[in-house]
Amino acid sequence: MKLPERSRIRRIRAPLLRWYDAHRRDLPWRHSRDPYAIWISEAMLQQTRVETVIPYWERFLEAFPDVGSLARADLDQIYAVWTGLGYYSRARNLKAAAESIVADHGGQLPETPEGLATLKGIGRYTAGAVASIAFDREAPLVDGNVVRVFSRVFGIREDSSRKEIVEGLWTIADILVRGPRPGDLNQALMELGAILCTPRKPDCGACPLRRDCDALARDDAESLPVKKKKAKPRRMRAIAVHLEREGRILAVRRPEEGLMAGLWELPGGEIGPDDEARDRVCELLGASFGLQVRGVESVGRIEHVFTHRHLELEVFRSRAEPGTRVRRRDHVGHRWIRPQALLALAHAGPTRKALNLLGVTNEVSARAEGRSRR
DNA sequence: TAATCGTGGTC
DNA sequence: TGACCAAGATT
């Protein structure tokens, strides 16, 4: 791609900052100058909407107010606060990074993008965001909003995931950020993408860059940026069993890698596309948990769509004899607990939906269930 | 480079 | 209603 003229890039600085000063949203982390609080907000905002993040950020900062408290916390406590936010590796990485900050950086976050990027879970974007917003460094950043704004303003009509284009976008961001108020400049770019320069029906009439926008001149803003199509989620099937033993049910913890890593769920497992689910229950509970059960009752079915998986989960009830022991194969933990207690452990959407189907609810899960049902 | 990794909102 | 998308990182 041909890089825009330097002067053309620099020209959008002033109108962008003016617009930001007049229209910036009042977000809770914008009241903080604490690098730790800003870092947490950036980790949560990865692929996650602002409105979703706000209550999680507030609860997280209350539970873990500083780097030291996060480094000392049990992963279980962190997961519990993170439950429902998704991309759980972020929670794991936050703790690992906090430990490294305490052990190797005297308890203070590194101030440069290079230093920040050595920490787990901090990539190129987050390094630039924290360096510029928390430490006033002239560090560039490119997120989905910035890709869209640059593609339109500078008329970039090639696949935005191509390496050459990605590097071009970072170069533009770097040229643009040099100067006063780098943190505000970066936030202004993202804010413009979030509020006006939206994927569909951008509000070009209100845009501070409308006189300078290539896509507006050519009337193809809505078709930019150019991206390739994403793969459809693959279907997978699984079973989950509400297995009761003397008034308690079995909860099991998934391995620390892969889908829903480290989260608690009902025992069960994946089945084949043509399996009769009921026929696999006894076998799976035996093979994965060393359990023998009798009397399997079908409860129903839930569906859950992940980014790359479309899960169909069949839910059953069964009982285990008093004194039944568990021998885990792949899972890394298990507990016999009151049904409602599973809702207080870190768990993901499918487990929440299965418990809801089973009539196990509390106020929090009921609200989440209400949201996901629209 | 292309997959993997959650969830909820929007049209 | 399925497809797209949201302040990405990791492998």
Side-chain angles (χ1 to χ4, degrees), chain A residues 24-25 27 29-30 38-57 79 82-94 96-97 116-130 132-134 140-149 159-166 173 183 186-195 197-201 222 225 227-234 236 254-263 303-311 346-353 367-374:
Chain A
R24 55 184 275 176
R25 289 170 292 180
L27 306 177
W29 42 88
R30 288 187 174 156
I38 292 167
W39 166 42
I40 300 301
S41 78
E42 289 300 338
M44 289 187 168
L45 285 163
Q46 291 166 7
Q47 298 289 285
T48 311
R49 305 180 109 78
V50 165
E51 311 81 62
T52 305
V53 165
I54 291 173
Y56 281 91
W57 182 83
Y79 271 145
W82 203 273
T83 286
L85 195 55
Y87 287 143
Y88 298 90
S89 65
R90 294 183 292 179
R92 225 169 28 249
N93 289 336
L94 277 179
L116 286 159
T118 65
L119 298 171
K120 281 231 166 78
I122 299 191
R124 203 173 177 183
Y125 162 79
T126 307
V130 175
S132 64
I133 298 170
L141 110 204
V142 174
D143 77 329
N145 291 303
V146 177
V147 171
R148 189 167 56 253
V149 171
D159 179 357
S160 60
S161 67
R162 279 184 49 207
K163 187 172 180 186
E164 182 202 342
I165 306 301
V166 171
N186 281 337
Q187 292 190 81
L189 270 178
M190 296 190 284
E191 195 83 341
L192 189 75
I195 295 177
C197 195
T198 48
R200 286 179 301 273
K201 301 205 186 308
E222 216 160 339
K227 308 184 162 186
K228 43 167 132 3
K229 296 242 184 278
K230 289 186 178 155
K232 232 167 111 172
R234 290 208 310 274
M236 71 184 269
R254 296 177 62 87
E256 292 295 347
E257 287 189 349
L259 193 67
M260 300 181 282
L263 301 188
E303 300 215 350
H304 190 84
V305 181
F306 301 100
T307 309
H308 286 85
R309 293 270 190 281
H310 186 132
L311 172 67
H347 62 277
T351 299
R352 193 195 75 227
K353 290 179 181 175
R367 269 203 300 281
E369 203 56 30
R371 279 200 303 275
S372 68
R373 275 163 197 267
R374 223 144 299 146

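Owing to the predicted nature of the structure, the values given are computational and were not obtained by experimental measurement. Chain A is the first sequence line, chain B the second, and so forth, proteins listed ahead of strands; every chain is numbered from 1.
Following rounding to the nearest Å, I122(A) (CD1) and dT10(C) (C1') show an atom-to-atom distance of 14 Å. Q46(A) has its CD atom 13 Å from the C1' atom of dG6(B), to the nearest Å. Atom OH of Y56(A) is separated from atom C1' of dG6(B) by 10 Å (rounded to the nearest Å). The distance between atom NZ of K230(A) and atom P of dT7(B), rounded to the nearest whole Å, is 17 Å. Rounded to an integer number of Å, the gap from L311(A) CG to dC5(B) P is 12 Å. The distance from atom NE2 of H310(A) to atom P of dC5(B) is 16 Å, rounded to the nearest whole Å. If you measure from atom CZ of R352(A) to atom P of dT7(B), you get 7 Å, rounded to the nearest angstrom.
Using atom P as the reference point in both dA7(C) and dC11(B), the two lie 15 Å apart (nearest Å). With P as the reference atom, dC5(B) and dG2(C) are 23 Å apart, rounded to whole Å. Taking atom C1' on both nucleotides, dA6(C) is separated from dG6(B) by 12 Å, rounded to a whole Å.
No hydrogens or angles considered: a donor-acceptor pair under 3.5 Å links the side chains of R90(A) and T48(A). No donor-acceptor contact under 3.5 angstrom links the side chains of Q46(A) and Y125(A), judged on distance only.
Residues W29(A) and I133(A) fail the side-chain proximity criterion, which asks for heavy atoms closer than 4.5 Å. Proximity of H310(A) to M236(A): side-chain heavy atoms (C-beta onward) are nowhere separated by under 4.5 Å. Between R25(A) and I195(A) there is a side-chain heavy-atom pair separated by less than 4.5 Å.
A donor and an acceptor atom sit less than 3.5 Å apart, one in the side chain of T48(A) and one in the base of dG6(B). A donor and an acceptor atom never sit less than 3.5 Å apart when one is taken from the side chain of T126(A) and the other from the base of dG8(C).
Proximity note for R49(A) (side chain, C-beta onward) versus dG9(B), dT10(C), dA7(C): the nearest is dG9(B). Comparing dT10(C), dA7(C), dA6(C) by their closest approach to the side chain of N93(A) singles out dT10(C). Out of dA6(C), dA7(C), dG6(B), the shortest distance to the side chain of Y125(A) is found at dA7(C). In the set dG6(B), dA7(C), dA9(C), the nucleotide with an atom closest to the side chain of A348(A) is dG6(B). The nucleotide whose nearest atom lies closest to any side-chain atom of R200(A) is, among dC5(C), dA7(C), dG6(B), dC5(C).
Within residues 82-91 of chain A, the residues approached by DNA chain B to less than 4.0 Å at the level of any non-hydrogen atom are G84(A), L85(A), G86(A), Y87(A), Y88(A), in residue-number order.
Rounding to the nearest 0.5 Å gives a distance of 10.5 Å between CD1 of I38(A) and CZ of R30(A). Atom CG of L94(A) and atom CH2 of W39(A) lie 5.0 Å apart (nearest 0.5 Å).
Every side-chain contact (heavy atoms from CB on, under 4.5 Å) that A173(A) has, sequence neighbours left out, goes to P140(A), V142(A), F150(A).
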Which atom pairs link the protein and nucleotides 1-3 of chain B when you take only N or O atoms and keep those under 3.5 Å?
none

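Annotation: of the two residues near DNA chain C, M190(A) and K232(A), the 5′-most nearest-nucleotide partner is K232(A). When the nearest nucleotides of DNA chain C are assigned to G121(A) and D143(A) by heavy-atom distance, the more 5′-ward of the two goes with D143(A). Comparing R309(A) and E51(A), the nucleotide of DNA chain B nearest to each residue sits closer to the 5' end for R309(A).
Side-chain rings of H308(A) and F306(A) stay apart, their centers remaining 6.0 Å or farther from each other.
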